[in-house]
Amino acid sequence: MDDLLLQFDYPDANVHAEKRSVTTTATQKLYLLNHPFVLHQASAFAARLRASEPRSETARVRLAYQAAAGREPEPDELSWAMEFLARPAASTMGRWEQLAQVLLVSNELMYVD
Amino acid sequence: MSIEASREPADPALEAQEASRPGRPAATMSRRSMLHRMSSGFGLAGLASMLGPHAVSAADAARFPHFRPRAKRVIFLFLNGGPSHIDTFDPKPALRTHEGQQPEGELYKKSKGLGFFPSSLRFRRHGQSGIEVSESLPHLASVIDECCVIRSMHTDVPNHEPALLQMHSGNLQPIRPSLGSWVLYGLGSANDNLPGYVVLRPSPKIVVGPALWSSGFLPAEFQATSVVTSDMAVDRLVANIRNPVLPPGEQRQQLDLLARMNRRHLERRDGDAELEAQIRAMETAFRMQREALRSFDISREPESVRRMYGESTFAKSCLLGRRLLEEGVRFVTVYYTSDRDNQPWDTHTDHEQRHRQLCLDGDQAAAALIRDLRDRGMLEDTLVIWGGEFGRTPYAENQDRKKLGRDHHHTAFSMLLAGGGVKGGVVHGASDEFGMRATVDPVHVHDLHATLLHLLGLDHERLTYRYAGRDFRLTDVHGKVVKGILA
């Protein structure tokens, strides 16, 4: 079976499964941190924000929160994000892409109450 | 992650009362937080913190030894295809005097070959114990005083798939949890920064495949992390272990931001235990990157140690297995396969030559592992198992004298155990004079499993998991602990 599905508790098709078991493992998180698919989605999200109407960084952070969490960022959250974006980035992955990834893998987006 | 077991239905009256309490907007009262406060609430939170980082899962209820364990970890060296017992640890001189004679009694399959086919290998007594070992295993012979040879193993079916499944899961058919998954379910992982159950296989293809190390109906956290060891470069061994672009420092800053956001989210959800576990798992993953890059890197071993194990992929896998055990991995399986042959020990033809060749490689690494564990003081609480899914027939499978081979044989075969609370320098059980049937103190696969769990401090009758309406065990309704081999 696909490794990713296995990682996230997809039941073995050879077995009847009354329900999907729910686990939390570090290897699931490694996927979210490092897998090319996730990084690609983060880039795409950042590109979408960059191409958006509002030009100021603050406005884009607000937009990012609206897109990812369906709400406005709290004042704290906004300043954390601004602080983060202002830090120098040495890697080819820019801070916007990193922020986009953070939003995509955040508990708020990943886990529906 | 699941706290299903502790979630009882909340009292509807209380729920209504709580939701309508003035000054508390209904929107912030989630169903989850309600259930928590009403039924499990503080009690569970307290228990969780007492039990430590693993306490969130319902399955964790089973995680404790039933009695004092002798072994803390296991490494299973699995020789795919089934090594011949009468050419390794079970000398049968009677085969020579009866050479060519057809075997008698009930056989699984009619013998169509040349009849009894004695081993061409010489057996000599070794060590203080004087256990007889074939000349094809000089290295294992040199550590035989550390080992327990079981000469009376037997299993139910002489076909690879069912026999592999039985050895790995106790059942002839798939879907059952594997040995390692049961162990992890029973004891948990001993290291938060590495997976608890690791499968090392030299080639991607293995007969039966992932069902051999699956967690079956146990939660997925107990499944093995499977690693193909043909390329020992660390990035290739462990999936997603390194970010392709972000240096660790920058990723740390990224995770600090994530942690802040997740903490805020957690506050807004009344400290939900599942969300808390997610935050912790992310931190574990970050640390795992550093830990795994070090643990999985056998190039850090001194030259002398690497030489002791040998150059083959199996040998390197054994060395990697030892590193992982040292770091707290609970259960390691090393398979003996290659790209050319996914069950090399299955010597139906050219048995003599192929068996010798296989031993050259398998012997040195296995003995090096035992010696290495001993020298590090780890052998006493590490159980090493060496064996395959069955043995091979004492009679020839075919008629061609130049290519004589041995067929699958399930009614008697040998396995080697070392360390982990097992007596060293002993032989347990015996097969009949031709090596056909286990006659003295027979040890079924279920008995081996029961013994293995016992050594780890687990009672095989009490280690159960409820699935499909009943409690399942690794040993089903069978299994007797082999008391005679316990140190």
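Chain letters run A, B, ... following the sequence lines, proteins first and then strands; every chain starts at 1.
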Checklist entry - Picking from B/D272, B/L258, B/L266, B/N262, what satisfies side chain to side chain contact (heavy atoms under 4.5 Å, CB included) with A/N107? => result B/N262

Item to check | Between B/E274 and A/Y111, a side-chain donor and acceptor under 3.5 Å | outcome: no

Next on the checklist: Distance alone, cut at 3.5 Å: any donor-acceptor contact between the side chains of A/N34 and B/N240?
Outcome noted: no

Checklist outcome for this item: Tested for side chain to side chain donor-acceptor pair (under 3.5 Å) against A/Q98, the lone hit among B/E250, B/Q251, B/Q254, B/Q253 is B/E250

Checklist entry - Passes side-chain contact (heavy atoms from CB on, under 4.5 Å), B/T284 versus A/K29? Steps please. => result CA-CA 9 Å; B/T284 304; A/K29 300 298 186 189; over 6 Å; no

Checklist outcome for this item: Residue from B/S226, B/A239, B/S215, B/A285 scoring the most non-hydrogen pairs under 4.5 Å with chain A is B/A285

Item to check | Part of B/R287 lying under 4.5 Å from any heavy atom of chain A | outcome: neither

Checklist entry - Which bit of B/A259 is near chain A, if near means a heavy-atom gap under 4.5 Å: side chain, backbone, both or neither? => result neither

Checklist entry - Step by step, would you call A/E74 with B/R268 a salt bridge (Lys or Arg N to Asp or Glu O under 4.0 Å)? => result CA-CA 12 Å; A/E74 294 178 22; B/R268 300 279 184 263; 2.6 Å; yes

Taking only heavy atoms into account, what residues of [range] are found under 4.5 Å from chain B?
range                     : result
residues 86-95 of chain A : A/R87, A/A89, A/A90, A/S91, A/T92, A/M93, A/R95
residues 55-62 of chain A : none
residues 45-52 of chain A : none

[X] versus [Y]: any side-chain heavy-atom pair under 4.5 Å?
X      : Y      : value
A/D76  : B/R264 : yes
A/W80  : B/M261 : yes
B/L255 : A/L33  : yes

Checklist outcome for this item: Scanning both residues in full, the closest heavy-atom pair of B/M282 with A/V105 reads CE-CG2, 4.2 Å

Checklist outcome for this item: Heavy atoms of A/A81 and B/L257 approach each other most closely as N-CD1, 4.4 Å

Item to check | Which residues share a side-chain hydrogen bond (donor to acceptor under 3.5 Å, both in side chains) with A/E77, sequence neighbours left out | outcome: A/R71

Checklist entry - Just wondering, more than 12 heavy atoms not from A/E53 lying within 6.0 Å of its CD? => result no

Checklist entry - Is there a salt bridge (Lys or Arg N to Asp or Glu O under 4.0 Å) between B/R269 and A/E108 once you walk through the steps? => result CA-CA 10 Å; B/R269 299 284 183 294; A/E108 181 164 2; 5.0 Å; no

Next on the checklist: At a 4.5 Å cut-off on heavy atoms, which part of A/Y31 comes close to chain B: side chain, backbone, both, or neither?
Outcome noted: both

